[in-house]
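Read the structure below first, then the notes.
Here is how names work: the chains are called A, B, and so on, in the same order as the sequence lines, proteins then strands, and each is numbered from 1. In this text, all values refer to a predicted model and were calculated from it rather than measured experimentally.
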Amino acid sequence: MTAKRLGWAVAAMGVLLACIYLFLYAPIFYVIYTSFAADIVWPFPPAFSMAAYGDLFTSSLYGDALRNSLVLGLGSALLSTVLATGGAIGVLRHRSRWRGLALGLFLTPLFVADLLIGISTLAFNARVLDLPGNMYSAIAANAIPGTSFAFLIILAQLVRYDWAMDDAAMVFGAGPVRCFIEITLPTIWPCLLGAFLIGFILAFNNLEISFYNLGAIPTLPSVAWGSLRFGLGPELFALAAMVNFIVFAIFGVMYLLMRYKIVRFGYRETL
Amino acid sequence: MARGSVSKGGLGTSAMTGIRSSLARRGQFRFACLAGPGALFIVVALLLPLLAIVVFSFWRTESYELYADWNLDNYRVLLGEPAYRIFFLRSLAMAAAVSFVCLVFAWPIAYFIAKHGGRYRLLLVLLLAAPFFTGVILRITALQGLLGPIGLVNMALAELGIGPVGMLMYTPLAAGLGLFYLFVPFMATAIYLSLANFNFELLEVAKINGARPWRAFVEITWPLNAIGTAIGLVLVFIPCLASALTQRFLGGPNATSLGMSLAQQFGETGTWALGSAMGVFLFLASLAGILVVRRTIDLKRAGFTGALGA
Amino acid sequence: MRNAGTCQQFVKAGTSVPDAVLKLQAIVKRFGTVTAVDRIDLTIERGEFFALLGPSGSGKTTMLRIIAGLERPDEGGVFIGDRDVTALPPYARHVGMVFQNFLLFPHKTAAENIVFPLRMQRLGRAERDERLAWAMSLMRLGGLEDRYPNELSGGQQQRVALARGLISRPALLLLDEPLANLDRELRSEMEVEIRRYQKELELPFIYVTHNQEEALTMSDRIAVMHNGAFEQIGAKTEIYTNPATAFVAGFVGHSNRFEGKLVEISGGLARMAWQGDAMLVPVPRDPRPGGAILFAIKFEDLEIARAPDGVDRTGRNRLAGTLRDVIFKGQTANYIVALGDGSEITISSAPRGLDLRMSEPVIVHWPVARGATFHV
């Protein structure tokens, strides 16, 4: 009887998860649907058009914005992953009286809202350094929360890493750098990739930090922001739809790989 | 032979101390090389700017320019003006409510994925994160499109003859729904990552020792995942407290938040000093929230026995 | 020693005291296409130390989990005392369990871990403290009450886990390879201790292990499990000296194995053709002359002598060979002898008085009634 009741609890959790997915993806599907609509302000009843996709590829504004967003995303993801990897290894591997301080510093950005990062870096750059908005400061500012997230992700993986493997490699004559490349990296690359991806998504789509750091340089979110007062351009919907198609395609491939047990993604089956 | 080995041992001991201290020094050096750049980066890119706005909050702005005459006027305005107090309390209440609702929803779904997700666990978690590939503005606009007066939900309701439901759009409730939409994946992912490292066998132990499922959850699962939950709460509470966009698009006139007002000081009105004071206020409020969370967690009681515990 | 009064306290009040503490009836458990437990019947008596011995994957841990209620059997019934608990969840069964990796709650101190079962039973604080004091002194854990599990040594963690299993005075205690993660010295120390606790408390223990020495040292009765079924169940001396199947002969103790053909049966002995030679061996069950048989004999049942020694050995089998190596083990030594066909056999014997040199020709001999024979 209890087992049956527990079965219900599990089923209820599953249903709740399905509902959350539906809720999370309803706006995404709406974006995709609207990207094909002839009129985005009044998309019902449906009337289909591919015009938005045509406009997207001819407009130079969106091309620039996309390129800037990509540079911003890749740059700050790279910066934050490198800094966080070093930080996580340093904090876990080497005893130092500065360890607590380093740990605290790496986690501080989690406690500072994006908006606050945006305005404080703007104030600092403009009034103290006397710098105009530029890509470098935007990359750096976006890498601040990115570093925290990457640090958490890598730390969660590295606490389970057996450093004796590195000691073994060193006994057999590998230096610290060689050791990292040959032993540590092959084991932890999935979480580095995860950290990089998270950093990329956050910076690519960031509005509040980028907006205050970039001035007139357009990114996708700032173009969206700018066009809001006239209503969003249908091209943005088309672009978002295309990004989502790629994401869904990757998920589809992942599902098939998992379904047919070609790749396990770290999951170990137990009998 | 025996004497020789003793004297050798003596030599060896002093040599060992030497090696050990040089190893420790090398450890310090490596630690500095590895963690130093990141720590320095945070100090320069985050803490110095934060310090700057603390300084600016005691300055004065006049026609878009900052002047360094030290005063407390900004704080006097912030504390004296009822509107700001309302914005602040409203943001605080909103952040607390959204954090709580996220917590309630995120726990069961994270638990389901961690315990019953099987080999699709990773995929299920990534599905929670994937909406972030679409920008915040687009998703909020889409929510508007779904829930708004001319949106899908209300059109469907109108077809059924129920008529448009006003409370779905341009109310604090709608803003809360939007924030929940944006931040529940953070909470669920944080709890999931904690549960993924949780040894579910401990629950079997509890059950054999007489604990019913709910009791086992309270005694074992919850305390051992308290840190992950706290991280989730921070990840939701902090951005909600500062959020401006969601309230602006979904909240209507009664949802103006601290974040919206703050953004305004650095945008339209150009009153940077007042904005800086609001920023300081926001940061202090965030810190207060974190201290509350921090106080309720005892690292040892949370089973925090990892390498960092020492 | 086994008076009813002591036993009474382990059985829930209000139920009668049957001799069988645990009864399993025709238990079947399948995981997909694999049958992990295949129609097992078992009765555990009061105050018994019972060992479930088998290689990994033999289904012994699944059996234990079925008894605990962590798995539901697909068929069959589980009875604790005279209560049918087949459908009951683990928390309603009142059994204790000790796990392989201890599974102490990392966020609770040693004392909090130990009293956990009592708190779940809503026992009063006074009784709780009293029982805690009893368990702490029984397990010699005094002074460690406030330590967290990661501040305890392996042996101390083991004792805390045992105390947690025992403190609620369960109907029976299940132990799932509790010594597997301890080092050798600590393990043999704990073997003796666990047996002592069991005898003092007169509480039935079901002890799962793949280590035959542990099973032989501690238990009263052993079931050897293989592929989800019992190969043999009986007193440990019986299992050791009279293995019922070839598997048991191979798994319990250290044996030499000879594969040959059953020629004939005469005078209560079987004649086995082996390498163009003949041996007299015990008669296998259901003998089929002409069939392939396996003869297994323990290392210590063989004797070794320098060849030729001219001693009359009627009533004994004898094999000629060359001494390859001697592995000194203290009280005994293992003599490794190469036979004519190149195969090697091992003889365990007291090394005193034997002065054999490497590569010396030797004779291996043993009384014809020793060992065990099986059809294969």
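- When atom types are taken as modelled, the side chain of B:Tyr181 and the backbone of A:Leu24 share a donor-acceptor pair closer than 3.5 angstrom.
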Check: Run the side-chain contact (heavy atoms from CB on, under 4.5 Å) check on B:Trp272 and A:Leu122 step by step: do they pass?
Finding: CA-CA 10 Å; B:Trp272 285 34; A:Leu122 166 70; 3.8 Å; yes
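- Atom CG in A:Leu257 sits 12.0 Å away from atom CZ in B:Arg119 (nearest 0.5 Å).
- Only the side chain of A:Phe149 comes within less than 4.5 Å of a heavy atom of chain B; its backbone N, CA, C and O stay farther away.
- Both the backbone and the side chain of A:Leu16 come within less than 4.5 Å of a heavy atom of chain B.
- Contacts of A:Ala150 with chain B are absent, with no heavy-atom separation under 4.5 Å from either backbone or side chain.
- With rounding to the nearest 0.5 Å, the separation of OG1 in A:Thr108 from CG in B:Leu47 is 6.0 Å.
- For chain A, the nearby parts of B:Leu34 are the backbone and the side chain; heavy atoms of each come within less than 4.5 Å.
- Neither the backbone nor the side chain of A:Ala141 has a heavy atom closer than 4.5 Å to any heavy atom of chain B.
- Contact detail for B:Gly279 and A:Leu116: the closest heavy-atom pair is CA-CD1, 3.4 Å.
- A:Ile20 touches chain B through its side chain: at least one heavy atom from C-beta onward sits under 4.5 Å away, while N, CA, C and O do not.
- If you tally non-hydrogen atom pairs under 4.5 Å between each of B:Leu124, B:Leu193, B:Leu241 and chain A, the highest count goes to B:Leu124.
- Neither the backbone nor the side chain of B:Leu287 comes within less than 4.5 Å of any heavy atom of chain A.
- With a 4.5 Å cut-off on side-chain heavy atoms, B:Ile109 and A:Tyr21 do not count as touching.
- The contact between A:Tyr212 and chain B is made entirely by side chain atoms (from C-beta outward), counting heavy-atom distances below 4.5 Å.
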Margin query: The test is side-chain contact (heavy atoms from CB on, under 4.5 Å); show your working for B:Leu245 and A:Trp225 and say whether it passes.
Written below: CA-CA 10 Å; B:Leu245 278 177; A:Trp225 173 250; 3.2 Å; yes
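- Interface check for chain B: of the options A:Asn205, A:Leu129, A:Ile89, A:Leu83, the most heavy-atom pairs under 4.5 Å are formed by A:Asn205.
- For A:Ala241, no part sits under 4.5 Å from any heavy atom of chain B, backbone or side chain.
- Rounding to the nearest 0.5 Å gives a distance of 11.5 Å between CZ of A:Phe29 and CG of B:Leu146.
- Contacts between A:Phe23 and chain B at a heavy-atom distance below 4.5 Å involve backbone atoms as well as side-chain atoms.
- Contact of the B:Leu126 side chain with the A:Met254 side chain is registered, since non-hydrogen atoms from C-beta on lie closer than 4.5 Å.
- Ranking B:Val234, B:Leu50, B:Leu127 against chain A, the residue ahead of the rest is B:Leu127, based on heavy-atom pairs under 4.5 Å.
- Rounded to the nearest 0.5 Å, atoms CG (B:Leu123) and CD1 (A:Ile250) are 11.5 Å apart.
- What you find for B:Ala142 and A:Val31 is that their closest heavy atoms are CB-CG2, 3.8 Å.
- For the set A:Ala156, A:Pro221, A:Ala140, A:Ala102, the count of heavy-atom pairs under 4.5 angstrom toward chain B peaks at A:Ala140.
- Taking A:Ala240, A:Ala12, A:Ala123 one by one and counting their heavy-atom pairs under 4.5 Å with chain B, the maximum is reached by A:Ala123.
- The minimum heavy-atom distance linking B:Ala263 with A:Leu115 is given by the pair CB-CD1, 4.4 Å.
- In terms of heavy-atom pairs under 4.5 Å with chain A, the best-connected choice from B:Ala52, B:Ser194, B:Ala39, B:Pro131 is B:Pro131.
- When each of A:Gly87, A:Ser80, A:Gly100, A:Ala84 is checked for heavy-atom pairs under 4.5 Å with chain B, A:Gly87 comes out on top.
- Taking 4.5 Å as the limit, every side-chain heavy atom of A:Tyr30 sits out of range of all side-chain heavy atoms of B:Leu143.
- Contact between A:Val112 and B:Ile238 at its shortest, heavy atoms only, is C-CG2, 3.9 Å.
- Both the backbone and the side chain of A:Ile119 come within contact range of chain B, each with at least one heavy atom under 4.5 Å from a heavy atom of that chain.
- Using a 4.5 Å cut-off between heavy atoms, B:Phe31 contacts chain A through both its backbone and its side chain.
- Under the ring-ring contact (aromatic ring centres under 6.0 Å, His included) criterion, B:Phe112 pairs with B:His116, sequence neighbours left out.
- With a 4.5 angstrom heavy-atom cutoff, A:Thr147 touches chain B only via side-chain atoms.
- Minimum interatomic distance between B:Ala45 and A:Thr121 (heavy atoms only, all atoms of both residues): O-CG2, 3.7 Å.
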Checklist line | Working for side-chain contact (heavy atoms from CB on, under 4.5 Å), residues B:Val136 and A:Glu208 | finding: CA-CA 10 Å; B:Val136 174; A:Glu208 284 170 324; over 6 Å; no
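- Between the CD1 atom in B:Ile42 and the CZ atom in A:Phe106 there is a gap of 6.5 Å [rounded to 0.5 Å].
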Next item on the list: Starting from the C-alpha separation in whole Å, work towards a yes-or-no answer on side-chain contact (heavy atoms from CB on, under 4.5 Å) for A:Ile198 and B:Phe132.
Entry: CA-CA 9 Å; A:Ile198 296 289; B:Phe132 287 85; over 6 Å; no
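- With a 4.5 angstrom heavy-atom cutoff, A:Asp114 does not touch chain B via any of its atoms.
- Neither the backbone nor the side chain of A:Ile153 comes within contact range of chain B, judged by heavy atoms closer than 4.5 Å.
- No more than 12 heavy-atom neighbours from other residues, nucleotides or ligands sit within 6.0 angstrom of CZ on B:Phe105.
- In this structure, A:Leu110 CG and B:Ile231 CD1 are separated by 7.5 Å, a value rounded to the nearest 0.5 Å.
- With a 4.5 angstrom heavy-atom cutoff, B:Leu128 touches chain A via backbone and side-chain atoms both.
- Between A:Ser120 and B:Phe283 the shortest side-chain heavy-atom distance does not fall below 4.5 Å.
- In terms of non-hydrogen atom pairs under 4.5 Å with chain B, the most contact-rich of A:Gly194, A:Pro109, A:Gly118 is A:Pro109.
- Only the side chain of A:Leu79 comes within less than 4.5 Å of a heavy atom in chain B; its backbone stays farther off.
- Both the backbone and the side chain of A:Ala26 have a heavy atom closer than 4.5 Å to some heavy atom of chain B.
- Across all non-hydrogen atoms, the minimal contact from B:Ser286 to A:Phe111 is CB-O, 3.8 Å.
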